[in-house]
Amino acid sequence: MKRVGVLGGGQLGRMLAASASLLNIPVSVLEVGEHAPAKQVISPVPPLKHVDGSFTSPSSIRQLAAQVDILTVEIEHVNVSVLEDVQKETGIEVHPSPRTIRIIQDKFIQKEHLKAHGLSVANFLPLEPTIENVRKVAAEFGLPLMIKSRTLAYDGRGNYVLRSLDDASISAALTALANRPLYAEQWVPFIKEAAVVVVRSISGEVYAYPLVETVHKDNICHLVFAPYRGSVDISSVAQRIAEDAVRTFNGAGVFGVELFVREAGDVYINEIAPRPHNSGHYTIEACNTSQYENHLRAILDLPIGNTSLIVPSAIMLNLIGTSDDQAPLHSVIATAFTIPGACVHLYGKSQCRKGRKMGHITIVATDDAEARSRLRPLLAALPSSDT
Ligand code: ATP
Ligand code: MG
Ligand code: MG
């Protein structure tokens, strides 16, 4: 079996490594720290070793590349230039392609790419950070105005919602996003957020997972409902849009396509992740093949596994830290153990922090009503987010 090197060792890498272990796929993880979440679940057979270093460090990436046959990522904020160089020098496979990661890791370029391919995205404009420029964009797009960092964004860190145009408000926005390359996006008055995970094979075929509803709290994914239910059935349309979007990128693997659903039933793409996605955790228990296994199958050129649901209804609840102390989450974890169909996943993070994803719980059920009634005691046991 080919050896796989993963840039990044957080929870996505951990679930990828867990999947790899079931298939005897040798995996080496590049992440800072000897006990990063992904390193805890797979112990490479020597001479293969995990690498202690950053996914932005040229020497660490080279150290990883020297040991494996294929490189892949569990995070998009990697050093793409080094990946390109290593690929050129050694011929190592990199999935998805560095070009894809480069486009996606700059949200402005990503939006230009999607728009150029005829996909619907919110209106957007580049933004040089001056009060006058912000007013100019706001005059075109209206308020609220979404100001975003082009790079290194996650969990909404990098986004600022501007609600008024006085000097103090604009200055506060520019201060919050100081020293980051910015662009502005028109506000999308969505009725729901949704997502589709899409697997892309080496030969470029794409296979969508079901459309799911994602519910965000404080910009962080809080709940995922699978499948999506709405007054209008937009599932197939949304799956086609997500597949079309992923078709425009090179390289194999899974992609998470985040969507805004508007009242008229039309769908905009918010952003795309070139890796397994939080909205696809539910696939471990609820689909024929999980997004993690399919990512491995795709990059190893194995047959892609069936992506459909094997249960009528599933819900994923993220366990988000409320402070430096993980103890407030213990009650919801204990409650989950008493609920049929609930599966607890903890990520082995050494330090809890407010807003940090510490684990998740997936519930499977025979229908939506049962799934929601199983969710209720978990929500009741959640710590309040302002503690
Ligand atoms: P992720 O953790 O998904 O990578 P991120 O930091 O890249 O998050 P976005 O996905 O750009 O951030 O935005 C986070 C959330 O902010 C979205 O899920 C949505 O709730 C809201 N949002 C983003 N852009 C817009 C917009 N143009 N109009 C309205 N809401 C928006
Ligand atoms: Mg993002
Ligand atoms: Mg997002």
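Counting convention: from 1, in listed order, for ligands and their atoms alike. We're numbering straight along the sequence, starting at 1.
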Using a 3.5 Å distance criterion without hydrogens, assess whether the side chain of [X] forms a donor-acceptor pair with backbone atoms of [Y].
X: Gln186; Y: Phe141; result: yes
X: Thr100; Y: Asn250; result: yes
X: Ser19; Y: Leu16; result: no
X: Arg200; Y: Arg247; result: yes
X: Glu271; Y: Lys107; result: no

[atom]: nearest protein contact (heavy atom, Å):
atom: atom 15 (C) of ligand 1; value: Asn219 OD1, 3.3 Å
atom: atom 27 (N) of ligand 1; value: Glu185 OE1, 2.9 Å
atom: atom 18 (O) of ligand 1; value: Glu193 OE1, 2.6 Å
atom: atom 2 (O) of ligand 1; value: Asp155 N, 2.6 Å
atom: atom 4 (O) of ligand 1; value: Glu271 OE2, 3.0 Å
atom: atom 28 (N) of ligand 1; value: Val188 N, 2.9 Å
atom: atom 6 (O) of ligand 1; value: Gly156 N, 2.7 Å

Using heavy-atom distances, let me know which of Tyr268, Phe260, Phe190, Trp187 sits nearest atom 25 (C) of ligand 1.
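Result: the heavy atom closest to atom 25 (C) of ligand 1 is in Phe260.
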Nearest neighbour of atom 31 (C) of ligand 1 from the list Met146, Glu76, Glu258, on a heavy-atom basis
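Nearest heavy atom to atom 31 (C) of ligand 1 lies in Met146.
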Could you see which bit of [X] sits under 4.0 Å from ligand 1, with heavy atoms only: side chain, backbone, both or neither?
X: Lys107; result: side chain
X: Asn270; result: side chain
X: Asn159; result: side chain

Can a side-chain donor-acceptor contact be found between [Y] and [X] if the only test is distance below 3.5 angstrom?
X: Ser203; Y: Glu205; value: yes
X: Gln40; Y: Arg14; value: yes
X: Glu293; Y: Thr289; value: no

Are Tyr268 and Phe260 close enough, and set up right, to give a ring-ring contact (aromatic ring centres under 6.0 Å, His included), and what steps lead you there?
CA-CA 5 Å; Tyr268 281 13; Phe260 295 135; 7.6 Å; no
Kindly determine whether Asp218 and Asp155 satisfy side chain to side chain contact (heavy atoms under 4.5 Å, CB included), including the steps that lead there.
CA-CA 8 Å; Asp218 302 328; Asp155 290 345; over 6 Å; no
Check the orientation of Phe255 and Phe249. Use parallel for under 30°, tilted for 30 to 60°, and perpendicular for over 60°.
parallel
Assign the ring pair Tyr347 / His281 to parallel, tilted or perpendicular, where the plane angle (0 to 90°) is split at 30° and 60°.
perpendicular
Do we get Lys192 above Tyr228's six-membered ring, with its NZ or CZ under 6.0 Å from the centre and within 45° of the axis?
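Ring-cation test returns yes.
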How many protein atoms of type N/O/S are positioned less than 2.8 Å from the Mg ion (ligand 2)?
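Of the protein's nitrogen, oxygen and sulfur atoms, 2 lie under 2.8 Å from the Mg ion (ligand 2).
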Could you tell me, atom by atom, which parts of ligand 1 come under 4.0 Å of a heavy atom of His216?
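The list of qualifying atoms is 18 (O).
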Geometric N/O contact Lys148 with ligand 1, under 3.5 angstrom
yes
